[in-house]
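Worksheet: the structure to be examined is printed underneath.
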Amino acid sequence: MNIAVNECEDQPSHYIGVGASAGGLEALQILLQNLPTDTGACFIIVQHLSPDFKSMMLELLSKHTTMRILNVEDGMQVCANCIYLIPPKKNMMVAQGKLLLSEKVPDAGLSLPIDIFFRSLAEDQQHHAIGIILSGTGSDGSRGLKSLKEAGALVIAQEPDSAKFDGMPNSAINTGIVDLILRPEQMGEKLMSYIRHPLVSGENSPLKAGTSENEDLMAEVFNVLKLKSEIDFAKYKPSTVARRIERRMTIKQVNSLQEYLTLMFKDPYEVQVLSKELLIGVTRFFRDDDAFNLLREKTIADIVARSNEHTPIRAWVAGCSTGEEAYSMAILFADEIAKQGVKRDVKVFATDVNGDAINEASNGMFCEEIQHDVGGAYLSNYFTKNAGNRYQINKTIRQTVIFATHNMITDPPFSNMDLVSCRNILIYFQHSVQKRVLTSLHFSLKKDGYLFLGSSENLSDLAPHFETINDRCRIYRKRTSVRIPIGSAPPVNTSTQTQTQNMPSVSRLLRSYRGANAIGAAISFANELLITQYAPPCILVNDDLEAIHVYGDVTGYVRRLPPGRISVEIKDLVNEDISIAVSTALHRAKQSSDEVYYTDVITRDGENNTSINLRVFYIREHDIESSPGYYWLIFENEQAGEPRAAANHVSFDAAEQSRQRIEDLELELKRSKEHLQVTVEELETTNEELQSANEELMSANEELQSTNEELQSVNEELYTVNSEYQEKISEISQTNNDLDEVLGLSNIGIIFLDDNFLIRRYTQAAARYINLMESDLNRPIHHFSNNLHYDSMLKDISDVFATSKSKQLDIILEDKRVIQISIHAYRYTDPGDSRGVAITFSDVSRARYAQRGLSVVYKQLKSSINNALESLDNTPLANPLKVLVVDDQPVSLALIEETLATISEFNCEVYSAHTVLESLKIARDTAPDICLVDYHLDGETAIDFIDSMKANSLDIPSLVITGDDDPELNAMLLSYGVLDLINKHDLAPQVLSRSIRFSIRRREIDREINKTIDSVSV
């Protein structure tokens, strides 16, 4: 039944979406039993229903509430205090307060109708929506709840312990966004309290009053949040903060900001919850399809095409929340690099102020619901499904993304970025903070780098510095490298930091590095001064042959630094003429673990050649093999005095040392090549085997995954159907018991026989006539004796079963009781399909004897009246007397007309008719004095004639002439106002004359009596 818009005079104050699956029927029944009927909201129930069975949810739920329940039709307008049920084989959405239906796509994989509806509900009703998740398996509803949460709606989940299946409630709770976890019987009261709260109903809004007291209280709230979370929410938009605080006030049922501030002091967990809500961490993979399609086809393709192999591609996803968008970017880059067939290094920096979200994102583990956002190709290429039906991001993608906690308002931005994504975050900041953040994002981009914003965000004052690629998708490109001073934006509190246990912020790492204790600094200074003063010039080199510290003056041994980017590798620092000596000494020192000492090493100092000694030794930081090691490269000037003693000193011959070094390198290279060749062959063999096994496993996994999803969906649908049928069976059992009780009280014997004449069921009253016991079920009826003198009963049962024509007769027992036996064909839906026989035994003794007595009394009364009329009534009748004869048989009609013609007391003017319709026309035209009607007409009876006369306001005395000997016919005709019944066998002039006179006088007497009664009443 569709409901027109004008029928819904009371529009709902809230739209409450209820998602349920397996085991949800019981939870829904409990919810409705405890739900007030005057909430002013509408309730829209979305379930997993089987497409192959008719849903009985409406009749099963209607017994638990007085609210109106309707099956949804496309375009239905919702009303307050009504409940709406999704039909089978449909997906449902809400738009402008109307419920819209669409067909489910067959074989489209796992169906998530709850998610689809919740997401449309969030978009259409915003904070006027409420989402409830009840019992069910899987994770349907969790994604939709995130959309509701982002829109400011209330989110409720059933307490898992009270659910028959806790999959859906647990999945919802694990998202971390559920406001209330309740049992179904508690939800009604909480919903009523929430809807009628002054802040929700609009009766009161203390945070929007703008009083000085409220401003002071809000400042104190910000201080508490800053103390606990180290985030200054004072920089967020006041309307956003006020809405979130008011929402928490309604959930905690407090009416003033002062009460809520007191609650925050008493309950630290409330501060944590409010802080989390203000951060609004809602995201998903490839959010906004159109924008990401453009990003993939144009932006990322251009970045990869313009890049080179030696410079990594850098992207920054600011406000990444739990990492879905960062991984989406990494997947798009990996896919585009493979498509272009190039080799590129990609780094995606993913940051967020919420340390908990960063920790979750770094795990790279996601629920199975992401398959509806990611798509099949990306899912198989970049994700692995584990035993817990969760998807793990592949290692290659995970290594591409670098997660860190970062406050984009206060922390310095990243630099040299090809792409920066900052979506749906700026809208929550004040305008001045938005400008500062956009300035930071501009600074972080390279020239021609791309900026990707949210659909509700824009560049504002920085628009001249960007070229618009697509305004609807909010993709822009940096025009020039002009630096916009970040300080030009209003300053913010730089003391604000982000707290996390596992990943410190960038600012904290810098402060930690710079904040070494004073004692350590003093010791380091003293050590360096002593080495510089008394030790020869030397350079400390690490395992990677990079210079990490210089002691003394080494200007005579190192090159002058050229402009531009410098290298700290030792071979690039020392003079070119001693480079071979240094490289050889470093190599020998590590190989032999002994000190290497070269003398007579010639280097050019200005215009002159200088001979120096070169001393190198290698030490490890600890005795452990894996601990880092360092080289000490010491330069000694021979002119300064005698060289120090050394265990092994070698006069350096550049040519000899070069030759020896080359031979060592060639030998080492040869061994490396041989070892590499063996390794490559083994890896190729292993890789082929693994690739083959992996393909087989992927194919098997896809098939199993598809089968598992289908089985899960079918299982949920069948469980719902099973629950409905169990409820229906319970009702049928109750109805069956009621019917048995009624049949028992009616004292009517009934026997039900199947198509083989086996006893299916009987009532106790039937055992009085047929000797039956409870153990006699499923036995043939002819096995039993009876107390009836009814020898043809089995034959009559067979005839009724074969012809479907019922039989009825009376049997007189030995005790003179009259038993009416009725035999009827037992049918299901098809009237011609006989599946058995029902036999009823009714004791009609009193009725039959009363009927016989009434018949005798009626004959006596009629005889007395006729005698009285003959002796007292000498008034002549109308002459001629108009008589209307109705009979469809010409012979009978002629016989009646001939009998009328032989009457001597009066003359008759006869009018003949064959049908009821024809007789009505004659009666209206001629106004006859009396009607003689045959009982059986063509397809009609005398009763149809009498009803038609009354319907046309024709009051004419009627006699019925019949050939039937049915004793009940007389009583039935009398009840319809027929004054006499004449049997055709008794038809004679005297009988007909007496009956006509009797009928006319009776009608005249009745009229006079009615006039007298009417005059007395007046």
Side-chain angles (χ1 to χ4, degrees), residues 1-5 8 12 15-25 27-28 32 42-62 67-79 82-125 129 131-145 147-148 168 369 371-372 709-725 727-728:
M1 181 193 311
N2 206 344
I3 301 179
V5 175
C8 299
Y15 288 65
I16 303 177
V18 183
S21 183
L25 176 60
L28 284 170
L32 296 184
C42 65
F43 297 84
I44 305 162
I45 298 174
V46 184
Q47 283 188 284
H48 293 170
L49 300 175
S50 172
D52 304 319
F53 298 91
K54 179 183 177 182
S55 174
M56 298 178 288
M57 197 59 62
L58 188 147
E59 53 188 288
L60 295 177
L61 293 180
S62 59
M67 282 191 289
R68 190 178 186 186
I69 304 180
L70 300 146
N71 283 318
V72 174
E73 294 185 1
D74 190 31
M76 181 177 283
Q77 182 79 27
V78 299
C79 303
C82 289
I83 300 170
Y84 300 88
L85 305 176
I86 186 173
K89 298 189 290 187
K90 302 286 184 180
N91 285 324
M92 181 167 60
M93 295 188 295
V94 58
Q96 298 181 351
K98 292 184 178 180
L99 299 176
L100 308 178
L101 299 177
S102 61
E103 293 288 341
K104 283 186 178 179
V105 180
D107 303 325
L110 187 60
S111 175
L112 299 176
I114 303 173
D115 277 330
I116 293 173
F117 178 73
F118 278 2
R119 289 170 71 170
S120 72
L121 181 62
E123 183 177 350
D124 188 65
Q125 294 300 319
I132 300 176
I133 289 293
L134 298 179
S135 172
T137 61
S139 61
D140 193 11
S142 297
R143 295 164 67 249
L145 289 184
S147 300
L148 287 171
M168 281 171 46
E369 64 195 37
Q371 60 185 299
H372 299 277
E709 291 171 355
E710 293 173 1
L711 288 175
Q712 179 181 346
S713 178
V714 171
N715 182 56
E716 291 182 2
E717 293 169 356
L718 288 179
Y719 189 90
T720 302
V721 172
N722 184 49
S723 299
E724 293 181 6
Y725 276 117
E727 188 76 14
K728 197 66 178 177

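We number each residue from 1, following the sequence as shown.
- Contact annotation: the side chain of Asn71 approaches that of Leu85 to within less than 4.5 Å [non-hydrogen atoms, C-beta and beyond].
- Annotation: side chain of Ser147 is not in contact with side chain of Phe118 (no heavy-atom distance under 4.5 Å).
- From Ile133, atom CD1 reaches atom CG of Leu148 across 9.0 Å, with rounding to the nearest 0.5 Å.
- For Glu123, the side chain to side chain donor-acceptor pair (under 3.5 Å) criterion is met by no residue, not counting sequence neighbours.
- Lys90 places none of its side-chain heavy atoms less than 4.5 Å from the side chain of Val72.
- The distance from the CD1 atom of Ile114 to the CG atom of Leu134 is 8.5 Å, given to the nearest 0.5 Å.
- Checked against side chain to side chain contact (heavy atoms under 4.5 Å, CB included), Ile116 has the following partners two or more places apart in sequence or in another chain: Asn91, Met93.
- Within the 4.5 Å cutoff, the side chain of Leu61 has heavy atoms near those of the Leu28 side chain.
- In terms of heavy atoms, Tyr15 sits closest to Cys42 at CD2-SG, 3.6 Å.
- Smallest separation of non-hydrogen atoms from Leu101 and Pro87: CD1-CG, 3.8 Å.
- Between Asp140 and Ser21, every side-chain heavy-atom pair lies at or beyond the 4.5 Å cut-off.
- Atoms OH and CD, from Tyr84 and Glu73 in turn, are 12.0 Å apart once rounded to the nearest 0.5 Å.
- Taking the side chain as every heavy atom from C-beta outward, Phe43 and Pro12 never approach each other to under 4.5 Å.
- Applying the salt bridge (Lys or Arg N to Asp or Glu O under 4.0 Å) criterion to Arg119, with sequence neighbours excluded, gives no partner residue.
- The heavy-atom pair separating Met57 from Gln47 by the smallest distance is CE-OE1, 3.0 Å.
- For the pairing with Met92, the side-chain contact (heavy atoms from CB on, under 4.5 Å) check across Leu121, Leu99, Leu100 returns one residue only, Leu99.
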